[in-house]
Structures are given as C-alpha cells and as structure tokens.
Amino acid sequence: MDLVELWAIFGPGVSGAIFGAGWWFWIDAVVCSSVKVSFLHYLPGIFASLAALMFNCVRKEDIDYSPYEEGEWRLNGLSCSCA
C-alpha cells in the first residue's frame with residue numbers, strides 16, 4: 001500500500017478524531033475555567049459542526065465531477081429550480 005491508499009483509509013478517522021478532540025478540549029476549558037466565555041466565542045465551533053454535518057449528509061457517489069467538462073461540481077439526479 002502506498003501513502004495515498006493509507007490516507008484514503010485512515011484520513012477520515014484521523015480528521016474526525018482531531019475535530020472531536022478539539023471540541024472536547026474547548027468544552028473542558030469552558031467548564032473548568034472561572035472566566036465567563038461569551039456566546040460569540042462558540043460560533044466558530046458551531047458553524048464548523050454544522051458544516052461537518054452538511055458535508056456528511058451527501059454521499060460520495062452522488063457527486064459528479066469531471067475536469068474535462070464545463071461547469072461546477074454537481075449532484076447526480078437532483079435538479080434545482082432556482083430561477
């Protein structure tokens with residue numbers, strides 16, 4: 001196995017562990033600290049969690065990308081009537 005295959009196997013788990021550890025350390029610091037933390041300091045973590053949730057709601061098989069075609073990344077089988 002080369003490095004790319006290993007990263008494809010273990011990369012999502014490593015990144016999820018780092019994300020979870022970051023949240024764990026943040027919550028632990030807020031709970032154990034005597035300093036009042038304002039809500040604005042929670043917003044980056046909340047937005048990152050929502051973004052991670054949205055990324056995980058789309059299956060990899062549903063994304064169609066071809067570097068040789070015009071356009072952006074598209075979801076297969078879904079249409080948007082935004083006009």
Side-chain angles (χ1 to χ4, degrees):
M1 280 192 184
D2 62 342
L3 187 61
V4 175
E5 290 177 4
L6 285 175
W7 182 251
I9 294 170
F10 295 112
V14 170
S15 63
I18 292 171
F19 188 82
W23 260 115
W24 181 271
F25 290 135
W26 169 255
I27 297 299
D28 185 51
V30 169
V31 169
C32 294
S33 175
S34 62
V35 177
K36 172 91 169 86
V37 178
S38 70
F39 181 72
L40 289 176
H41 292 103
Y42 285 96
L43 289 180
I46 292 170
F47 289 142
S49 295
L50 290 174
L53 180 69
M54 290 189 311
F55 290 146
N56 288 315
C57 287
V58 178
R59 292 182 308 170
K60 188 176 181 181
E61 295 82 27
D62 290 340
I63 297 175
D64 177 31
Y65 173 73
S66 175
Y68 302 109
E69 292 181 12
E70 274 186 37
E72 302 288 328
W73 286 49
R74 296 187 241 359
L75 288 176
N76 292 331
L78 297 176
S79 62
C80 178
S81 59
C82 301

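Hydrophobic clustering (ILVMFWY, side-chain heavy atoms < 4.5 Å, transitive): F25 and V14 are in distinct clusters. When the side chains of ILVMFWY residues are joined at heavy-atom separations under 4.5 Å, either directly or via intervening members, W7 and I18 end up in two distinct hydrophobic clusters. Under the 4.5 Å side-chain heavy-atom criterion for ILVMFWY residues, no single connected hydrophobic cluster contains both L53 and F47. Under the 4.5 Å side-chain heavy-atom criterion for ILVMFWY residues, no single connected hydrophobic cluster contains both V4 and I9.
Of the inter-residue distances, the one linking Y42 atom OH with I27 atom CD1 reads 5.5 Å to the nearest 0.5 angstrom.
Every side-chain contact (heavy atoms from CB on, under 4.5 Å) that S49 has, sequence neighbours left out, goes to F19, W23.
For S33 (side chain) and V30 (main-chain N/O), no donor-acceptor pair under 3.5 Å exists by modelled atom type.
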